[in-house]
Amino acid sequence: MSKTLFDKIWDQHVIDTIKNGPQVLYIDKHLIHEVTSPQAFNELKERSIPVFRPNQIVATADHNTPTIDQHLPIKDDLSRNQLEQLTINCADNNITLYELGHQYNGIVHVMAPELGITQPGMTMVCGDSHTSTHGAFGAIAFGIGTSQVAQVFASQCLLLTKPKSLRVTVHGKLSKGVLPKDVILYIISKLGTNSGTGYFCEYAGDVFKDMSMEGRMTVCNMSIEMGARGGMIAPDQTTYDYIKGRKFAPKGIEFDQKVAYWNTLPSDNDAVFDQEYTFDAEDIGPMLTYGTNPGMGIKITETIPVNQNASFKKSLEYMNFEAGDSLINQPINYVFIGSCTNSRIEDFRVAANYIKGKQKATNVTAWLVPGSKQVETQIIKEGLKDIFVEAGFELRQPGCSACLAMNDDKIPKGEYCVSTSNRNFEGRQGQGSRTILASPLVAAATAIEGKIIDITKQLS
Amino acid sequence: MEKFIKITSKAIPLAIENVDTDQIIPARFLKATDKKGFGDNVFRDWRFDKNGELNTEFSLNNTSYSGNILIAGDNFGCGSSREHAAWALVGYGFKVIVSSFFADIFKGNALNNGLLPLQVSPTFLAVLMKSVQENPATEIEVDLENQTISLLEKSISESFEIDSYKKTCMINGYDDIDYLLSKKEMIEAFEAQRIQLK
């Protein structure tokens, strides 16, 4: 029987099936961080259950970390305690931890791929909904709750009902200045925030075939914003070239053997999906969100649609926008380039390329936050930091930062922030803050102009 | 986990769609390392205004509403995987969340904490919402054994779906760890077989 990419990996990891119930799925890699793991460690301790496979777990500190002065003790007592707890838990259970300041530290969804931990054909989980990012490598990767973190600690397995299959195909070639972030914001704006619920999504078509691994990660990262537990893209030469030579990548003959196996993973030509959507690349333009969920997006040249739904109106009221408004010329005082969606080297290259020779608008506070120590090092090595500093930008240290504002990087009440992150929920970037999601290019242009501009005019 | 069989309660309406887990429990409250105290901050930024004063317009603060059932708009629990959202709702005292649609991760987290995510049809949701808004004394019965939710005064009810394994867990207060640990030999055999294949 023909199978999808998802079917092939899932079926290879099923250990047992409960009659009329879920399946026992084996998990290859478990990533953990400071926020969603402590209660799981406590649970095991209380029940005297050992961590079953510590070698298959990798930990990092990212959500609750400062992005300046990382060498100094953390000022906030609760944050410091949470990070200390992670260090203790990892030491007690023989789990590898890349703590704050370590050369491999970074946002879990940036550091794991760049270390070669993420590989095609794997099942991967993390107590974080953006674990879908790793699907860019042709892996089944998804976010889990803390009870499930404890289950994986205890058994390296989860009880799950197999999700339905969904395929989103985008044909053609993207126009200049249209980035992977625009592609996924466009898809979510067309399908809505719950269209993917109950499904695992495969992205197919020329647009994703032509995309870099960084771009594929941006797309898969936001699968959860349309409700899909995960997103994935078939592994190909681009995937193998990215993995080869990385720290935990297979080496020598083992790498070739793996590639031979990975080549068997793509969906069979006649595989049937439960749901399919198709789009054309030429219909996609630079995107912005105007509301309080990621599905409320428009092309930068469009106006906010009219909708009588009460929740829609509440959302516009929060954003202080009105139906029919254009966002062009909207003054912006905050710009954030970072998060597990857009904090990889390619994102900073895009920003630097635009910023070079220009000056940041004086009204704008701009935070550039690399996704990992390795990205930070690369930014400096490639001379991008000099470009940023000369243009008046501040390059901070790695972490989740203003994406969820758990640390001090908060957008003040009532202020708009053009952000390369993944969620524009009420108060996501700080109480009362108003988030406009965009690509690194649109964010960079906004920082230079101090307002939203029609970037498409500069591209043609 | 506490057992759940059947409850009869008044309900609190929350007529908002796409309630995300950042609203249920904002990120700034996620710094704890245990599960306690999250109930105090459930819907924090909707329950309190910008000056920290109680927002009396918000339904949870409306003293005419009470009960441990929350009637919420479509697509409840979207966004972050934080189980803190389920802990906050349970901590506040909710036992059932009724909506016409739930986000996947939230649904699983709720079930793992004895909180029943009960999906009804959009029509039934509208009837429930209106009944409770018009008469806060409205009693609702949730019967997990028979998989029904009933509006007692109007004698109308609807049946709901739940995975039979999860139903057994809820009714008996079991959790997945117990089950998975009982499969240890099978898991080890699976691992051994995979090593041989390499």
Side-chain angles (χ1 to χ4, degrees), chain A residues 15-16 18 20-22 24 26 35-36 38-39 42-43 47 49 52 63-64 76 78-79 81-82 85 127-129 131 143-148 150-151 154-159 161 163 193-194 197-198 224-225 227 229 292-293 309-311 314 404-406 413 423 425-428 431-432, chain B residues 1 15-23 26-35 44-46 50 73-75 78-87 101-113 163-166 168 175-177 179-181 183-184 186-187 189-191 194 198:
Chain A
I15 292 185
D16 195 18
I18 300 176
N20 298 321
V24 178
Y26 190 78
V35 178
T36 57
Q39 293 86 353
N42 291 348
E43 169 123 28
R47 295 165 73 162
I49 303 168
F52 184 53
H63 281 64
N64 202 356
D76 181 82
L78 290 173
S79 301
N81 178 55
Q82 203 173 47
Q85 201 58 53
D128 188 287
S129 61
T131 308
I144 56 176
T146 297
S147 294
Q148 292 174 307
Q151 290 160 26
S155 69
Q156 206 57 36
C157 287
L158 282 173
L159 278 169
T161 304
T193 52
N194 62 8
T197 308
I224 186 70
E225 311 311 335
R229 197 72 181 263
T292 57
N293 72 56
N309 175 288
S311 295
K314 178 180 180 295
L404 84 166
M406 264 195 88
K413 255 172 221 173
R423 288 185 174 137
F425 298 152
E426 283 185 31
R428 171 83 178 179
Q431 276 180 278
Chain B
M1 202 169 81
I16 302 170
E17 292 171 12
N18 300 312
V19 173
D20 58 75
T21 52
D22 272 78
Q23 305 319 312
R28 64 185 187 279
F29 299 114
L30 307 187
K31 296 180 181 182
T33 52
D34 58 28
K35 297 181 186 178
R44 179 76 195 194
D45 294 338
W46 284 346
K50 287 172 190 162
D74 196 57
N75 197 27
C78 55
S80 157
S81 63
R82 60 187 71 164
E83 194 160 317
H84 311 66
W87 301 333
F101 201 83
F102 289 94
D104 274 341
I105 305 180
F106 174 79
K107 194 176 182 176
N109 288 342
L111 288 165
N112 282 333
N113 286 279
D163 178 289
S164 64
Y165 166 79
K166 274 292 166 198
T168 310
D175 70 17
D176 290 354
I177 289 190
Y179 184 86
L180 289 167
L181 288 175
K183 294 285 165 188
K184 206 125 209 198
M186 208 179 238
I187 295 166
F190 176 86
E191 289 179 325
R194 272 166 45 106
K198 272 185 183 172

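None of these values were measured; they are calculated from a predicted model. Lettering follows sequence order; numbering is per chain, from 1.
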Are [X] and [Y] side-chain neighbours, meaning at least one heavy-atom pair lies under 4.5 Å?
X	Y	answer
T36(A)	H84(B)	yes
F102(B)	T197(A)	no
F425(A)	L404(A)	no
R47(A)	I177(B)	yes

Between [options], which shows the greatest number of heavy-atom pairs under 4.5 Å with chain A?
options	value
D163(B), D20(B), D74(B)	D20(B)
E83(B), K183(B), K184(B)	E83(B)
P26(B), A85(B), C78(B), A32(B)	A32(B)

Next on the checklist: Using the side-chain contact (heavy atoms from CB on, under 4.5 Å) criterion, which residues pair with F190(B)? Sequence neighbours excluded.
Outcome noted: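 With sequence neighbours excluded, F190(B) shows a side-chain contact (heavy atoms from CB on, under 4.5 Å) to I15(A), Y26(A), R194(B), given in chain and number order.
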Item to check | Set of side-chain contact (heavy atoms from CB on, under 4.5 Å) partners for S311(A), sequence neighbours left out | outcome: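 Expected list: N309(A), I16(B), E17(B).
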Next on the checklist: What verdict does the salt bridge (charged side-chain N to carboxylate O under 4.0 Å, His left out) test give for R82(B) and D22(B), after you've listed the backbone C-alpha separation in whole Å, the side-chain angles of each residue and the deciding distance to 0.1 Å?
Outcome noted: CA-CA 9 Å; R82(B) 60 187 71 164; D22(B) 272 78; 3.3 Å; yes
Can you tell which part of [X] gets under 4.5 Å to a heavy atom of chain A, answering side chain, backbone, both or neither?
X	answer
N109(B)	side chain
D45(B)	side chain
D176(B)	both

Against chain B, work out which of [options] has the most heavy-atom pairs shorter than 4.5 Å and name it.
options	value
N293(A), L158(A), I144(A), T292(A)	I144(A)
P38(A), G427(A), S147(A), A310(A)	S147(A)
P163(A), G127(A), P22(A)	P22(A)

Item to check | NZ/NE/NH1/NH2 to OD/OE distance under 4.0 Å, E43(A) and K35(B) | outcome: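 Between K35(B) and E43(A) there is a salt bridge, with a charged N closer than 4.0 Å to a carboxylate O.
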Item to check | Salt bridge present between R28(B) and D76(A) (N-O < 4.0 angstrom) | outcome: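 No.
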Taking side chain as everything from C-beta outward and backbone as N, CA, C, O, which of these in [X] sits under 4.5 Å from a heavy atom of chain B? Side chain, backbone, both or neither.
X	value
A150(A)	both
N20(A)	both
N194(A)	both
R423(A)	side chain
V24(A)	side chain
T131(A)	neither
I49(A)	side chain
Q39(A)	both

Next on the checklist: Donor-acceptor pair, distance only, cut-off 3.5 Å: does the side chain of Q148(A) make one with the backbone of G145(A)?
Outcome noted: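 Yes; at least one donor-acceptor contact below 3.5 Å.
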Checklist entry - Are any side-chain N or O atoms of Q151(A) and backbone N or O atoms of L180(B), one a donor and one an acceptor, separated by less than 3.5 Å? => result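 Flag not set: sc Q151(A) to bb L180(B) has no pair under 3.5 Å.
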